[in-house]
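Structure first, commentary second.
No hydrogens, no waters, no symmetry mates; every other heavy atom, side chains included, goes into these values.
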Protein chains: 2
Amino acid sequence: MNIEIEKENKLAELFGALSEPNRIRIIKILRDSDHELNCGEVSRLLQIAPSTVSYHFKALRQAGLTKTRQQAQTKYLSLNMETFNRYLPSFLDSL
Amino acid sequence: MNIEIEKENKLAELFGALSEPNRIRIIKILRDSDHELNCGEVSRLLQIAPSTVSYHFKALRQAGLTKTRQQAQTKYLSLNMETFNRYLPSFLDSL
DNA sequence: TCTTTATTTTTATATCCATCGAAATAACAA
DNA sequence: TTGTTATTTCGATGGATATAAAAATAAAGA
């Protein structure tokens with residue numbers, strides 16, 4: 001039962017990270033894109049400030065939905081498929 | 001593209017409704033139960049005030065995740081499968 | 001070393017959220 | 001009609017969230 005409570009808390013955390021339209025868009029762009037995304041590119045695509053994008057990146061990463069790879073000054077974002085497969089199987093298909 | 005923006009907003013709304021552990025538990029209980037749920041029963045099951053349960057019921061209903069049937073003073077909650085099938089197919093199975 | 005570039009953190013603000021107790025509402029029942 | 005029961009609304013509170021400008025960080029290159 002404790003394990004179940006933990007799962008419910010984790011799912012609530014994941015849904016919290018997905019409860020913002022711009023973050024849904026980031027996930028969707030990542031799914032459809034053939035290249036990783038960085039902060040500046042998303043800022044231009046979604047027309048929101050870089051600091052706001054950074055904030056959303058952090059929210060997605062903290063929930064475990066994304067991973068980052070750093071190259072020089074630039075951080076590249078990609079999906080963390082382990083989390084999707086474990087907690088939200090087939091979610092990406094329905095996006 | 002406008003339609004897509006609408007879908008992203010709707011998904012964000014649904015995830016917002018699911019971003020609270022007690023609401024996840026309500027959905028899960030509804031999925032597993034053979035009878036509809038009312039406010040008082042959930043209040044006892046989850047050990048939270050009836051007014052808080054009413055607040056959660058409203059959040060779930062406004063997002064379209066549940067439906068209500070009223071009988072006398074009591075309102076019975078059930079899942080709105082149309083919404084799950086349309087926006088979150090296979091989600092209930094992964095709960 | 002100095003400048004440019006990309007991102008993150010900080011600060012500030014306005015808004016939203018979860019919770020409860022108390023009051024209001026609504027329907028039944030004696 | 002009066003009292004009981006179930007739910008909702010209201011009011012208050014403490015905490016989280018989304019946003020952007022400004023400042024800080026960090027790497028690259030001239």
Side-chain angles (χ1 to χ4, degrees), chain A residues 5 8-30 33 35-78 80, chain B residues 5 8-30 33 35-78 80:
Chain A
I5 287 176
E8 289 146 12
N9 288 345
K10 180 62 187 176
L11 282 171
E13 184 191 358
L14 291 176
F15 291 136
L18 293 168
S19 69
E20 214 286 319
N22 281 323
R23 291 203 285 262
I24 302 246
R25 289 181 193 118
I26 292 170
I27 296 293
K28 200 170 189 173
I29 294 171
L30 281 170
S33 183
H35 61 288
E36 299 162 305
L37 290 177
N38 59 53
C39 192
E41 184 177 0
V42 172
S43 174
R44 285 186 297 277
L45 283 171
L46 299 184
Q47 292 288 301
I48 52 183
S51 60
T52 303
V53 175
S54 177
Y55 170 78
H56 288 318
F57 275 17
K58 192 178 187 179
L60 291 170
R61 183 172 39 75
Q62 282 185 335
L65 291 169
T66 57
K67 295 182 293 191
T68 39
R69 177 179 70 84
Q70 179 157 6
Q71 181 178 3
Q73 307 107 309
T74 306
K75 277 192 177 170
Y76 292 98
L77 211 75
S78 60
N80 183 354
Chain B
I5 287 176
E8 288 145 12
N9 288 345
K10 181 62 187 176
L11 283 171
E13 183 192 0
L14 292 176
F15 292 137
L18 293 169
S19 68
E20 214 286 319
N22 281 323
R23 290 203 284 264
I24 301 251
R25 290 181 192 117
I26 293 170
I27 296 293
K28 200 171 190 173
I29 294 170
L30 281 170
S33 183
H35 62 288
E36 298 161 306
L37 290 176
N38 59 54
C39 192
E41 185 176 1
V42 172
S43 174
R44 284 186 298 276
L45 284 172
L46 299 184
Q47 293 287 299
I48 52 182
S51 60
T52 303
V53 175
S54 178
Y55 168 79
H56 288 318
F57 275 18
K58 192 176 186 179
L60 291 170
R61 183 172 39 74
Q62 283 184 335
L65 291 169
T66 56
K67 294 182 293 190
T68 324
R69 178 179 70 85
Q70 178 156 7
Q71 181 178 4
Q73 307 107 309
T74 307
K75 278 192 177 172
Y76 292 98
L77 211 74
S78 60
N80 183 353

For [X], which residues count as a side chain to side chain contact (heavy atoms under 4.5 Å, CB included) partner, sequence neighbours excluded?
{"X": "R44(A)", "value": "E41(A)"}
{"X": "F57(B)", "value": "I26(B), C39(B), V42(B), V53(B), L77(B)"}
{"X": "Q71(B)", "value": "R69(B), Y76(B)"}

Do any of [range] sit with a heavy atom less than 4.0 Å from DNA chain D, and if so which?
{"range": "residues 39-47 of chain B", "value": "C39(B), G40(B)"}
{"range": "residues 22-30 of chain A", "value": "N22(A), R23(A)"}
{"range": "residues 9-19 of chain B", "value": "none"}
{"range": "residues 58-75 of chain B", "value": "K58(B), Q73(B), T74(B), K75(B)"}

Check your understanding: Within this structure, what is the CG-to-P distance between N38(A) and dA28(D), rounded to whole angstrom?
Key -> 15 Å
Practice item. Take the protein atom CD1 of I48(B) and the nucleotide atom P of dT7(D), then report the distance between them rounded to whole Å. Key: 13 Å
Check your understanding: Got a second to check how far I27(B)'s CD1 is from L11(A)'s CG, nearest 0.5 Å?
Key -> 12.0 Å
**Study point:** From CD (E8(B)) to CD (E20(A)), nearest 0.5 Å
**Key:** 11.0 Å
Practice item. State, to 0.1 Å, how close A72(A) and Q70(A) come at their nearest heavy-atom pair, and which atoms those are. Key: O-NE2, 3.2 Å
Review point. What is the minimum heavy-atom distance between I48(B) and H56(B), and which atoms define it?
Key: CD1-CD2, 4.2 Å
Within the side chain of [X], is there an N or O that forms a donor-acceptor pair under 3.5 Å with the backbone of [Y]?
{"X": "S19(B)", "Y": "G16(B)", "answer": "yes"}
{"X": "N80(B)", "Y": "G64(B)", "answer": "yes"}
{"X": "R23(B)", "Y": "A17(B)", "answer": "yes"}

Review point. By salt bridge (Lys or Arg N to Asp or Glu O under 4.0 Å), which residues pair with K10(B), not counting sequence neighbours?
Key: E13(B)
Exercise for review: Decide yes or no for K75(A) and N38(A): does some side-chain heavy atom of the first lie under 4.5 Å from some side-chain heavy atom of the second?
Suggested key: no
Review point. Any side-chain heavy atom of L18(B) sitting closer than 4.5 Å to one from L14(A)?
Key: no
Practice item. Could you tell me whether F57(B) contacts a base, only the sugar-phosphate backbone, or nothing, with contacts defined as non-hydrogen atoms closer than 4.0 Å? Key: nothing
For [N], does either OP1 or OP2 sit under 4.0 Å from a side-chain N or O belonging to [X]?
{"X": "S54(B)", "N": "dT8(D)", "value": "yes"}
{"X": "H56(A)", "N": "dT17(D)", "value": "no"}
{"X": "S51(A)", "N": "dA20(D)", "value": "no"}

Revision key, fill the gap. Across all chains, not counting sequence neighbours, the side-chain hydrogen bond (donor to acceptor under 3.5 Å, both in side chains) partners of S78(B) are none
Check your understanding: Can you list the residues that meet the side-chain hydrogen bond (donor to acceptor under 3.5 Å, both in side chains) rule with N22(B), with sequence neighbours excluded?
Key -> R25(B)
Point to revise | For F15(A), ring-ring contact (aromatic ring centres under 6.0 Å, His included) partners two or more places apart | key: F15(B), F91(B)
Revision key, fill the gap. Outermost contacting nts on DNA chain C, any atom under 4.0 Å from chain A heavy atoms, listed 5' then 3', are dT5(C) to dT9(C)
